[in-house]
Asks: 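The structure follows.
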Amino acid sequence: MYTLIQKVIDLNESKIWYLTVISLIIILVMILRLEGRRKRILANKIPGPDGSIFIGLLPLFLQGPEKLISSGLKVYQKYEKSLFKVWVLNNLYIVLTRPEDIELVLTNPKLQKKSKEYLVLQESIMGQGIFSIDDIKKWKSNRKMVSGGFNFKIIKSFIPIFFEESNVLNNILKQNYDLKSNECDISSPISMATMEMIGKTALGVKFNAQNGGRHRFVENLQTAMIAWEYRITHPWYLSKTLFRLSSVNQKHDQSQKIINDFTDEIINKKLDELNQNANNEKKVETDDEDICRKTKTVIEILLGNYHEMSHEQIRDELVTIMIGGQETTAMANACAIFMLAHHPEVQNKVFEELQSIFSIGDQNRSPTYEDLQQMEYLERVIKETLRIFPPLPVFGRSLEEEMQIGEYLCPAGSTLMVSPLFLQSSTQYYTDPEKFNPDNFLPDTCRSRHPYTFIPFSAGYRNCIGIKYGMLQMKTVISTLVRKNTFFPSDRCPTPKHLRLMFLATLKFVDGCYVKIVPRTS
Ligand code: HEM
């Protein structure tokens, strides 16, 4: 015994340090193994496809983003009676299928943290913006400040901008359609229109995107988003270290820098402008509220919190809003026009509703907020479009502690997944879910369903901040286009089943969205 003690005393400091490190590593490996074991034991009790050994359902992803939707739907339909598990490499996903479980998760204050896939956005231009941030304390206070830019009065003042850009869109579509067949791919023009709208309303910037202005922000935003899609559809690139080795990484980093530099420039310019106009501003604020509101954009509201938010934070929030508000509404607007083209009886009802709101000869009048409120049928059309084509088809939350959901104990370290796309096309909640039926959103029908059976904007704590903005913008775009045109199916895409979609973080068209456009004569 004495010799053992003597030996320990004789160890020099570096050896003791070495032994400590080795012991810590051994303990850590044991803990991880135990945790992994527990995760596997609990996972084994949850139904779901086993997939291949070690790689799970990775082959599903490797089939490509278009096939992923149909293959994913098959798996979902097979297991949707309860929540189910899916392994992809060593990641465990628990897919929630019942509205009760989804509500439990989305309204649980302990489950506000997004899953690790969102790191892709955090490591990119969204940074610490409220969409991707996982520091919940910071998210709470930032969300409060960002919400200021989306209050009712501010959003209402954006309607003339939505209308102006919808008219530009209408002219662009006229220039774009084939003179013989009247066919046109509406996806890209609509995408540029929503880009211009969000640029003007959030940043107070004109990109001239609709008229082909190749703005550096717009172009680099698209490059950065392609890089995310690449990472998400190649799950091993979720690791930043591996992604750094890929050829896409360099392009992404260049784009990130250009976007950040541009947004910094805008913030600095706006700050100077605000400082210079401080006295005039004060005067305007005491004048007619309407005049003041017209001049406010989301950036100005955020800069009002410049002392509470860092410059970088404001930049991240602005870029987040630009991304959150552009692609989502572009996809929804295009899908709604496409579905109207394929459902003439629905299109006629929308037009009749518009005729009851706008008098004859009123074609160029901008809708007021009250007009948009009266477009109840159009609202149902938009909701039905979002049911069938939710622009964000999947979202996830990180499960950090074991939790009982329904009859299953879900292991810590897994990701809880919710899929509006699959949930909203389930026969369990919608009769004939493939049918485009705006009456699914009649008040009584809505009341008869669990509210969490329709969640295109998510719900609960981290629901979409842009719901009102989105609804007013979509109503303005669609009503303006339908007031001026009739839409018909294109020969290139004769039925809705021919519309090819893919899952690339958001829902996207594989080869455009074609319709025939015939301008109304009076
Ligand atoms: C059709 C239109 C839209 C759809 C379907 C949609 C959908 C969603 C969904 C599903 C989420 C939650 C995502 C998650 O949990 O990971 C979300 C969050 C968010 N959306 Fe939207 N969105 C739309 C329009 C907009 C608009 C117009 C804006 C801003 C102008 C916006 C900004 C945001 C932001 C900032 C968040 C993060 C909120 C937070 O975590 O606190 N969205 N959106």
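Counting starts at 1 for both ligands and their atoms, following the listed order.
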Asks: Atoms of ligand 1 less than 4.0 Å from P391 heavy atoms?
Replies: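 Numbered from 1, ligand 1 contributes 5 (C).
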Asks: Just so I know, are the side chains of I154 and I301 near enough to count as touching, which here means a heavy-atom distance under 4.5 Å?
Replies: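 Side chain of I154 against side chain of I301, heavy atoms only: contact under 4.5 Å found.
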Asks: Are F338 and F389 close enough that their ring centres sit under 6.0 Å apart?
Replies: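 No.
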Asks: Show which atoms of ligand 1 fall inside a sub-4.0 Å distance from at least one heavy-atom site of F150.
Replies: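 Atoms satisfying the 4.0 Å criterion: 29 (C), 30 (C).
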Asks: Just to confirm my output: which protein heavy-atom neighbour is closest to atom 16 (O) of ligand 1, and how far is it?
Replies: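 Answer for atom 16 (O) of ligand 1: Y118 OH, 2.5 Å.
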Asks: Where is the nearest protein heavy atom to atom 21 (Fe) of ligand 1: which residue, which atom, and how far?
Replies: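 Minimum-distance protein heavy atom for atom 21 (Fe) of ligand 1 reads C464 SG, 2.3 Å.
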Asks: Among protein heavy atoms, which sits nearest to atom 35 (C) of ligand 1, and what does the distance come to when rounded to 0.1 Å?
Replies: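 Scanning the protein heavy atoms, the shortest distance from atom 35 (C) of ligand 1 goes to I465 CG2, 3.5 Å.
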Asks: So is I133 close enough to ligand 1, meaning a heavy atom under 4.0 angstrom away?
Replies: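 Checking ligand 1 against I133, which is what was asked, there is no heavy-atom contact under 4.0 Å.
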Asks: Under 3.5 Å, N or O to N or O, is R397 touching ligand 1 that way?
Replies: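 Between R397 and ligand 1, an N or O pair is found under 3.5 Å apart.
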Asks: Can you list the ligand 1 atoms lying under 4.0 Å from a non-hydrogen atom of W139?
Replies: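 So the atoms of ligand 1 that pass are 39 (C), 40 (O), 41 (O).
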Asks: Mind checking whether H342 and F487 have ring centres under 6.0 Å apart?
Replies: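 Distance test on ring centres: not under 6.0 Å, no.
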Asks: Can an N or O of N463 be found at a distance shorter than 3.5 Å from an N or O of ligand 1?
Replies: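 Between N463 and ligand 1, no N or O pair is found under 3.5 Å apart.
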Asks: Pick one of side chain, backbone, both or neither for how R462 approaches ligand 1, counting any non-hydrogen atom pair under 4.0 Å.
Replies: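 Both the backbone and the side chain of R462 come within reach of ligand 1.
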Asks: Just jot down the ligand 1 atoms closer than 4.0 angstrom to any heavy atom of P456, in number order.
Replies: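 Every atom of ligand 1 under 4.0 Å from some heavy atom of P456: 5 (C), 7 (C), 10 (C).
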Asks: Is it the side chain (CB and beyond), the backbone, both or neither of F395 that lies under 4.0 Å from ligand 1, heavy atoms counted?
Replies: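 Looking at F395 and ligand 1, just side chain atoms fall under 4.0 Å.
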Asks: Can the ring centres of F162 and Y469 be said to be less than 6.0 Å apart?
Replies: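 Yes, the ring centres sit under 6.0 Å apart.
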Asks: Hey, would you say the Y369 and F152 ring centroids sit under 6.0 Å apart?
Replies: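 Yes, ring centres under 6.0 Å apart.
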Asks: Is any N or O atom of Y469, backbone or side chain, closer than 3.5 Å to an N or O atom of ligand 1?
Replies: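 Such a contact does not occur with ligand 1.
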Asks: Got a sec, which pairs hit side chain to side chain donor-acceptor pair (under 3.5 Å) with one end in residues 129-152, sequence neighbours left out?
Replies: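 Matches after skipping sequence neighbours: R143-N463.
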Asks: Polar-atom distance check: R143 versus ligand 1, any N or O pair below 3.5 Å?
Replies: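 Between R143 and ligand 1 (N or O atoms, distance only) the closest approach is under 3.5 Å.
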Asks: Considering heavy atoms of the protein only, find what lies nearest to atom 1 (C) of ligand 1 and give residue, atom and distance to 0.1 Å.
Replies: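 Of every protein heavy atom, M474 CE, 3.7 Å lies nearest to atom 1 (C) of ligand 1.
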Asks: Consider every N or O of I130 and every N or O of ligand 1, then say whether any pair is closer than 3.5 Å.
Replies: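 N/O-N/O distance below 3.5 Å exists for this pair.
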